[in-house]
Amino acid sequence: MERELASLEEASLRRSLRTNSAVPGSPGRMVRGTGPNNLLNLSANDYLGLSQHPAIVEAMRDTLLKEGAGAGASRLVTGNRMAYSFLEEAIAEWQSCEAALVFANGYMANAGVIRAVVGRDDVVFSDQLNHASIVDGILMSRAELARYRHNDMEHLGALLHKHRDKRRKLIVTDAVFSMDGDQARLRELALLKREYGAMLMVDEAHSGGIYGGRGEGLCHLLGIKDEVDIHMGTFSKAFGVYGAYVCGSRTLADFLVNKARPLIYSTAMPPALLAGIAQALVLVQQEHWRRDRLESAVRFFRDSLLSLGFQIPAGDSPIVPITIGDNETALRFSAALEEKGIAAVAIRPPTVPAGTARIRFSLSAIHTDEELRDAIACIREAGLQLGVIRR
Ligand SMILES: *Cc1c(COP(=O)(O)O)cnc(C)c1O
């Protein structure tokens, strides 16, 4: 272990935990370690700025006082409190689907659902840039992994053709890719899934809450939600809380209650958490101004970086990475920003492909115009200092 850690260090790939604190009343800011420095947090997924919303905190506190800290058992034993059915009905209504299930988090939802739905005789077609929780689900399922090049529909088509006789075929993709912020080609995926009789699973971790009139996500916005057999998203990002949902047919939900191991073999979620999510779901649907605000912040931020000469992938999501390439330069960029009052973390392999280390900015509806203007000035300075952009 020591040798491996040393070689990670050598390659500027060693990771370590740092302690952060929230700034009460300012969900868009944070404090690092014990420093007095109040930083602008450009590395959180709190896209709608809900993580400190008083109504959510109050719902959690009220339920905590009434129902206590823990659920005491798994859902199939005695942990399935009322708060679950209340929340799952609200999710099904929001998503216009037959049934919804709540999972403890997105990682467990992806890993558990994929492992439940496919097995040894099956094949999973997975975008090369899909989230690690999807990849882990596929590995656990023992299904064959057919990885297609990022958003390359021709490659996917060829793989679907090659595996056309397999028992079950599952195409799985992030809707918005977590480290690049670009979108999956969902309409084309829906056509291919039909053509080859495959199932389609879409992970809306970074699009749920953000797209659609009530934050239903990208599949709704693009009008393909009826083609999606397994629709998942998290409550940990735009919703500002914690947890995940899986939506689909009644049969899917019944099947998962019988087969998804994270649901069967893990303790039910604390009722207070479920109540907080339910309140967040109300706010996400009602407060459309948060999506409008986020959209204009994203446009300003992306346009400013482009005009300064930074390389960023196309898109309109609040995930805006500046590709640096080299691990050490990415770390130095992040450190330079921190000195200027901005928390923006360097993302390195294996989270992203080798040679594509980056600073991954993520924006929030809670950031003000002034904060973003200041941030752009700091990013420009750091970019010039490190030779990432030229004057
Ligand atoms: C964050 C993320 C997850 C995991 O969700 P958690 O609730 O944080 O466990 C799953 N998929 C994608 C694409 C993600 O970005």
Side-chain angles (χ1 to χ4, degrees), residues 17 20 41 43-48 50-51 56 87 91 100-117 124-141 147 150-151 170-186 189 200-211 215 217-219 228 230-247 260-263 266-267 269-270 273-274 276-277 280-281 284 313 315 317-321 345 347 350-353 358 360-364:
L17 291 168
N20 313 305
N41 189 350
S43 275
N45 303 316
D46 186 9
Y47 300 122
L48 299 179
L50 289 172
S51 67
I56 299 174
L87 176 57
I91 297 166
L101 280 177
V102 172
F103 282 78
N105 56 55
Y107 186 99
M108 280 164 77
N110 277 338
V113 168
I114 295 172
R115 174 163 186 194
V117 168
V124 184
F125 305 89
S126 173
D127 190 290
Q128 180 191 359
L129 295 188
N130 276 345
H131 192 261
S133 55
I134 293 175
V135 178
D136 289 1
I138 300 169
L139 293 177
M140 278 195 285
S141 76
R147 233 164 66 124
H150 179 49
N151 265 342
L170 173 67
I171 303 171
V172 56
T173 187
D174 289 12
V176 166
F177 289 89
S178 53
M179 294 301 138
D180 292 66
D182 58 336
Q183 295 182 358
R185 294 164 70 169
L186 289 167
L189 289 173
L200 177 60
M201 173 170 176
V202 178
D203 175 341
E204 298 240 37
H206 295 283
S207 42
I210 296 179
Y211 296 95
L218 204 51
C219 294
V228 181
I230 307 173
H231 195 178
M232 74 76 70
T234 73
F235 295 119
S236 51
K237 289 164 184 163
F239 288 74
V241 194
Y242 192 75
Y245 57 90
V246 176
C247 294
R261 293 164 71 94
L263 189 147
S266 189
T267 300
M269 290 157 77
L273 180 51
L274 298 166
I277 299 169
L281 180 55
V284 161
S317 100
I319 300 168
V320 187
V345 170
I347 308 282
T351 305
V352 294
R358 65 197 69 182
R360 174 188 180 274
F361 296 104
S362 44
L363 302 183
S364 169

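In this chain, numbering begins with 1 at the start of the sequence shown. We count ligands from 1, going down the list as the structure has it; atoms in each ligand are counted the same way.
At least one donor-acceptor pair under 3.5 Å links the side chain of Asp46 to the backbone N or O of Leu50. For the pair Asp174 (side chain) and Asn130 (backbone), a donor-acceptor distance under 3.5 Å is absent. Between the side chain of Glu204 and the main chain of Leu218, a donor-acceptor pair closer than 3.5 Å is present. When atom types are taken as modelled, the side chain of Asn110 and the backbone of Ser133 share no donor-acceptor pair closer than 3.5 angstrom.
Checked against a 3.5 angstrom limit, the closest N/O atoms of Thr234 and ligand 1 fall outside it. On a distance-only criterion, Ser236 and ligand 1 share at least one N/O pair closer than 3.5 Å.
Set against the non-hydrogen atoms of Asp174, the atoms of ligand 1 under 4.0 Å away are 13 (C). Residue contact check: Gly106 has heavy atoms under 4.0 Å from atoms 4 (C), 5 (O), 6 (P), 7 (O), 9 (O) of ligand 1. Here is the list of ligand 1 atoms found below 4.0 Å of a heavy atom in Ala205: 2 (C), 11 (N), 12 (C), 13 (C), 14 (C), 15 (O). Of all atoms in ligand 1, numbered sequentially from 1 with element shown, those under 4.0 Å from a heavy atom of Tyr107 are 4 (C), 5 (O), 6 (P), 9 (O). Residue contact check: Ser133 has heavy atoms under 4.0 Å from atoms 10 (C), 11 (N) of ligand 1. Atoms of ligand 1 found under 4.0 Å from any heavy atom of Asp203 (numbered from 1 in listed order, with element): 10 (C), 11 (N), 12 (C), 13 (C). Near Asn105, meaning under 4.0 Å from any of its heavy atoms, are these atoms of ligand 1: 7 (O), 9 (O). Atoms of ligand 1 found under 4.0 Å from any heavy atom of Asn110, numbered from 1 in the order shown, are 10 (C), 11 (N).
If you check the side chains of Tyr47 and His206, you find a donor sitting under 3.5 Å from an acceptor. Side-chain N/O atoms of His150 and Asp180 include no donor and acceptor closer than 3.5 Å.
At a heavy-atom cutoff of 4.0 Å, ligand 1 is contacted by no atom of Met108, backbone or side chain.
Within a 6.0 Å sphere centred on CZ of Arg185, heavy atoms belonging to other residues, nucleotides or ligands number more than 12.
In this structure, Lys237 is part of the shell of residues with a heavy atom less than 4.0 angstrom from ligand 1.
The one candidate from Asp203, Ile134, Asp127 that meets the side chain to side chain contact (heavy atoms under 4.5 Å, CB included) condition with Val172 is Ile134. When Thr173, Leu129, Asp182 are each tested for a side chain to side chain contact (heavy atoms under 4.5 Å, CB included) with Asn151, only one passes: Asp182.
For atom 15 (O) of ligand 1, the nearest protein heavy atom (residue, atom name, distance) is His206 NE2, 2.5 Å.
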